[in-house]
2 protein chains.
Amino acid sequence: MADHTDTPVKSIGRMATLLETLQQFDGAGVTELANELEVTKSTVYNHLTSLEQHGYVVHEGDDYYVGLGFLDHGEYARQRQIGYQLIRQKTREVAEETGELCQYMVEEHGLGVFLIRESGRQAVETRTRIGNRVHLNHVTAGKAFLAYAPDARVAEIVDKHGLPGKTENTITSTEALEIELQAIRDRGYAVDKDEHLKGLYAIGVPIQYESGQPLGAMSVAGPANRINDEQRAEEIAQLLLEKANELQLTIKHSQS
Amino acid sequence: MADHTDTPVKSIGRMATLLETLQQFDGAGVTELANELEVTKSTVYNHLTSLEQHGYVVHEGDDYYVGLGFLDHGEYARQRQIGYQLIRQKTREVAEETGELCQYMVEEHGLGVFLIRESGRQAVETRTRIGNRVHLNHVTAGKAFLAYAPDARVAEIVDKHGLPGKTENTITSTEALEIELQAIRDRGYAVDKDEHLKGLYAIGVPIQYESGQPLGAMSVAGPANRINDEQRAEEIAQLLLEKANELQLTIKHSQS
DNA sequence: TTTATTGTTTTGTATTACTAAACACGTGGT
DNA sequence: ACCACGTGTTTAGTAATACAAAACAATAAA
């Protein structure tokens, strides 16, 4: 799980994997972590206390947890994204008007990151959470993004992360991807029948900057039985495209 | 600005100050950071590339920025807080019913951290953002929290962070604090006329767990001219107390 | 072209973060 | 009541590493 690509400052690598497992385990003790990471207890202890002194970790009794120190940096990074406030508002509108779950995702380091998540009245519950990173070929919004990203960028991303499978429907070859992306461009939006999760149907469109480069992608997700019919899907797609277009105009002129 | 309390793993300390200044500067280059932190360029470069490989930093051209890697940990830490979902919903209700800005704050490491922030229709804009850390004696919610926290905990916090001043009205002595906290307990809620920010009026109540220990505090803030009148303030306070009470009952039985 | 000013890379060394082992503390079992 | 084993914590010694210094590359300005 932990990438052993050696980085100049190895302590940062250790810290990163420490935090990841700390989060995975939903809180853990020193020994538990030491066993998992295959390092000495004292090493883990030193890291944890250092992280704690800087607000990145809390301990309750003998268990350590990821702390709220990350929330500050995280929210800063989120609000720094171009058009964040405007897109957030639009996402909310879509969620209310469709009643479904509407999300906005951006790309960073070749992966998709969920930035905004707004639930409508009858929205489904998914496991995705703000900040989660996913492979772009695993989600509808990700494919909508790729379809409108420069070819060179797509190639870079595929080269870096490959096209790992998730379900049997996931696209795992560059040829199939190219065909899919072309289909999305022809259609104007991306559609998925349970690629990410069984029984989930999703529609995604890119949010484009001037010059057409995508900032991210917005998607609506709901239970297949509710969205799968031709009529409703097309309705939602048109709504998304309309909102995306509005955003494109406002972002262009406001630059934030 | 950088605390030089030596921690076992010093790289983490360097990383922390690096990230802080990176955020303060809203993006910066290698040389700029090296000068500010009084270390060599190569050191900064090594840290930045290491952080980047782990998704904590991005670079655009020659400028580095805090990345979205923090968002995942941050959101995790936020949702881990007891009663988060329920409190979020109630915060929204209060924002809608009052039309003002309603926030929820918890304490970590002796400081207040803004967890939730919901704006009503006529809500003021403040500089506070989710994840921001503030001294508890600087904000209304913080004082509401302190008023219902165990005396020992209050003493610990004051001992650790002191009572730094912010405006001329900020409480900076333990005696004054004790009097204020008692007044809050007598009244049932905390009130502030521009302690944190000029022209802002805020009302805060604790959100208590079973056994009365506070999980955090919820506050409503608005322009002084709108809230300052006796009638309106009392109205808001009663609404908050009612919502807090509802929360206390639901959280008790749901444990999340 | 020249001259600053970037970011990047390299090399050697002093620092430091690691392992290992001992210590303190509490708990559960017998 | 004791003992054994589980914690987290602390301490020493050493191998690893993160650092400073300086050279290098690349870009932009003069």
Side-chain angles (χ1 to χ4, degrees), chain A residues 2-67 108-109 156 160, chain B residues 2-67 108-109 156 160:
Chain A
D3 276 10
H4 260 216
T5 55
D6 46 34
T7 118
V9 182
K10 309 210 173 173
S11 296
I12 289 178
R14 296 183 212 280
M15 185 206 66
T17 62
L18 179 67
L19 288 166
E20 269 175 45
T21 64
L22 197 58
Q23 182 167 325
Q24 262 183 20
F25 283 30
D26 201 41
V30 174
T31 308
E32 199 177 353
L33 289 167
N35 290 338
E36 178 69 19
L37 303 179
E38 293 176 349
V39 289
T40 324
K41 286 193 296 176
S42 57
T43 299
V44 172
Y45 180 73
N46 283 336
H47 275 257
L48 285 174
T49 52
S50 300
L51 285 168
E52 182 167 34
Q53 281 184 43
H54 290 280
Y56 292 124
V57 151
V58 229
H59 77 172
E60 298 170 7
D62 279 345
D63 278 337
Y64 288 79
Y65 295 89
V66 172
E108 191 176 275
H109 295 302
E156 267 179 27
K160 185 172 185 183
Chain B
D3 273 10
H4 261 216
T5 55
D6 45 34
T7 120
V9 183
K10 309 209 172 172
S11 296
I12 289 178
R14 297 184 211 278
M15 185 207 64
T17 63
L18 178 67
L19 287 166
E20 270 175 44
T21 64
L22 197 57
Q23 184 166 326
Q24 264 183 18
F25 283 32
D26 200 43
V30 175
T31 309
E32 197 177 356
L33 289 167
N35 290 339
E36 178 68 18
L37 303 178
E38 292 176 349
V39 290
T40 321
K41 287 194 295 175
S42 59
T43 300
V44 172
Y45 180 73
N46 283 336
H47 275 257
L48 286 175
T49 51
S50 300
L51 285 168
E52 182 167 34
Q53 279 184 43
H54 290 280
Y56 292 125
V57 151
V58 229
H59 79 169
E60 300 169 5
D62 280 345
D63 277 337
Y64 288 81
Y65 295 88
V66 172
E108 191 176 275
H109 295 300
E156 266 179 28
K160 184 172 184 183

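A, B, ... follow the sequence lines: proteins, then strands. Residue 1 opens every chain.
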Give, for atom [atom1] of [X] and atom [atom2] of [Y], the distance between the pair rounded to the nearest 0.5 Å.
X: Glu32(B); Y: Asp62(B); atom1: CD; atom2: CG; result: 11.5 Å
X: His54(B); Y: Glu52(B); atom1: NE2; atom2: CD; result: 11.0 Å
X: Leu19(B); Y: Met15(B); atom1: CG; atom2: CE; result: 5.5 Å
X: Asn35(B); Y: Lys41(B); atom1: CG; atom2: NZ; result: 9.5 Å
X: His47(A); Y: Ser11(A); atom1: NE2; atom2: OG; result: 5.0 Å

Residues that Glu60(B) engages under side chain to side chain contact (heavy atoms under 4.5 Å, CB included), provided they are two or more places apart: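 Arg80(A), Tyr65(B).
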Any donor-acceptor pair under 3.5 Å from Thr49(A) side chain to Tyr45(A) backbone: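 Checking the backbone N and O of Tyr45(A) against the side chain of Thr49(A), a donor-acceptor pair under 3.5 Å is found.
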His109(B) side chain to Val58(A) backbone, donor-acceptor under 3.5 Å: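 Checked: no pair found.
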Check the distance between [N]'s [atom2] and [X]'s [atom1] and give it to me in whole angstrom.
X: His47(A); N: dT19(C); atom1: NE2; atom2: P; answer: 9 Å
X: Glu60(A); N: dG8(D); atom1: CD; atom2: P; answer: 14 Å
X: Leu51(A); N: dA17(C); atom1: CG; atom2: P; answer: 12 Å
X: Leu48(A); N: dT10(D); atom1: CG; atom2: P; answer: 13 Å
X: Leu37(B); N: dC19(D); atom1: CG; atom2: C1'; answer: 14 Å
X: Lys10(B); N: dA18(D); atom1: NZ; atom2: C1'; answer: 12 Å

Partner of Asn46(B) by side-chain contact (heavy atoms from CB on, under 4.5 Å), out of Ile12(A), Val9(A), Thr7(A):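 Filter result, single survivor: Val9(A).
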Contact list (N/O, under 3.5 angstrom) for nucleotides 5-9 of chain C vs protein:
from, atom 1, to, atom 2, distance (Å)
dG7(C), OP1, Val30(B), N, 2.9
dG7(C), OP2, Thr31(B), N, 2.9
dG7(C), OP2, Thr31(B), OG1, 2.4
dG7(C), N7, Lys41(B), NZ, 3.2
dG7(C), O6, Lys41(B), NZ, 3.1
dT8(C), OP2, Tyr64(B), OH, 2.9
dT8(C), O5', Tyr45(B), OH, 3.3
dT9(C), OP2, Tyr45(B), OH, 3.0

Sugar-phosphate, base or nothing in reach of Ser11(B), heavy atoms under 4.0 Å: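 If one applies the 4.0 Å heavy-atom cut-off, Ser11(B) turns out to touch the sugar-phosphate alone, with no base involved.
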Where DNA chain C forms stems, i.e. three or more consecutive Watson-Crick or G-U pairs with both distances under 3.5 Å: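 Stem list for DNA chain C: C:1-28 with D:3-30.
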Phosphate OP1/OP2 of dT16(C): any Arg14(B) side-chain N/O under 4.0 Å: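 The answer is yes; a side-chain N or O of Arg14(B) sits under 4.0 Å from OP1 or OP2.
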